[in-house]
Amino acid sequence: MPVSFDDSELRTLAADLIAAGDAIDGKILPVIKKGALNIKNQMRDEMSKSSAFKGAARDISFDVHGGDFFGVGVIEAEVGPKSGPGNRGALANIAYFGGSHGGGGTVADPKGALDAEMPNFTRAVEKILDGTL
């Protein structure tokens, strides 16, 4: 025996969620940039307090990337020390986690900066969603 049901409310909800996604797109990028900036600033501050690794503080920065993955829009920020010619970012691994011959591991784990920013980020996203959904 075939089963049937009224899916009109489900279709309306799906349309509302799609429209909300379009409205959120322009509002979420500034929140991500602000969060990445706050994390970068805390990481720089923590690195600059180290007498041995303070020179690597200036090489901590962030990049924001976006794109579609499996049909879903994704925006992400990458925060951390940059390495390359003229940069001291490669020292950060030793600063954070120590070296194989001892030493280092004296700068706070970057996860602490992420954890500190998470409540601010969550509140900002909730505020956007409250005004959209």
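We count residues from 1, following the sequence as given.
- Under the salt bridge (charged side-chain N to carboxylate O under 4.0 Å, His left out) criterion, Asp115 pairs with Lys111, sequence neighbours left out.
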Table please: side-chain donor-acceptor pairs of residues 51-59 below 3.5 Å, with sequence neighbours left out.
| unit_1 | atom_1 | unit_2 | atom_2 | d |
| --- | --- | --- | --- | --- |
| Arg58 | NH2 | Gly86 | O | 3.4 |
| Asp59 | OD2 | Arg88 | N | 2.5 |

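- Between the side chain of Ser48 and the backbone N or O of Asp45 there is at least one donor-acceptor pair closer than 3.5 Å.
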Requested in this report: Please assess Met47 against Ile60 for the test side chain to side chain contact (heavy atoms under 4.5 Å, CB included), listing each intermediate value before the final yes or no.
Outcome: CA-CA 9 Å; Met47 186 71 74; Ile60 296 173; 4.0 Å; yes

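- With a 4.5 Å cut-off on side-chain heavy atoms, His65 and Ile75 do not count as touching.
- Here salt bridge (Lys or Arg N to Asp or Glu O under 4.0 Å) pairs that include residues 94-108, with residues two or more places apart or in two chains, number zero.
- Asn93 meets the side-chain hydrogen bond (donor to acceptor under 3.5 Å, both in side chains) test with no other residue; sequence neighbours excluded.
- With rounding to the nearest 0.5 angstrom, the OG atom of Ser100 is 8.0 Å from the CD1 atom of Ile94.
- The list of salt bridge (Lys or Arg N to Asp or Glu O under 4.0 Å) pairs with a residue in residues 30-40, not counting sequence neighbours, is empty.
- Atom CD1 of Ile39 and atom CZ of Phe62 lie 10.0 Å apart (nearest 0.5 Å).
- The distance from atom NZ of Lys127 to atom OG1 of Thr122, rounded to the nearest 0.5 Å, is 14.5 Å.
- Remark: His101 pairs with no residue by the side chain to side chain contact (heavy atoms under 4.5 Å, CB included) rule, at least two apart or across chains.
- In this structure, Leu37 CG and Gln42 CD are separated by 12.0 Å, a value rounded to the nearest 0.5 Å.
- For the residue pair Phe121 and Ile32, the shortest heavy atom distance occurs at CE1-CG1, 3.9 Å.
- Lys49 NZ to Thr106 OG1: the interatomic distance, rounded to the nearest 0.5 Å, is 13.0 Å.
- Minimum interatomic distance between Lys82 and Asp63 (heavy atoms only, all atoms of both residues): NZ-OD2, 3.0 Å.
- Looking at every heavy atom in both residues, Ala113 comes nearest to Met43 through CB-CG, 3.9 Å.
- Considering every non-hydrogen atom in both Glu117 and Gly35, the closest pair reads OE2-CA, 3.6 Å.
- A donor-acceptor contact closer than 3.5 angstrom links the side chains of Asn120 and Arg123.
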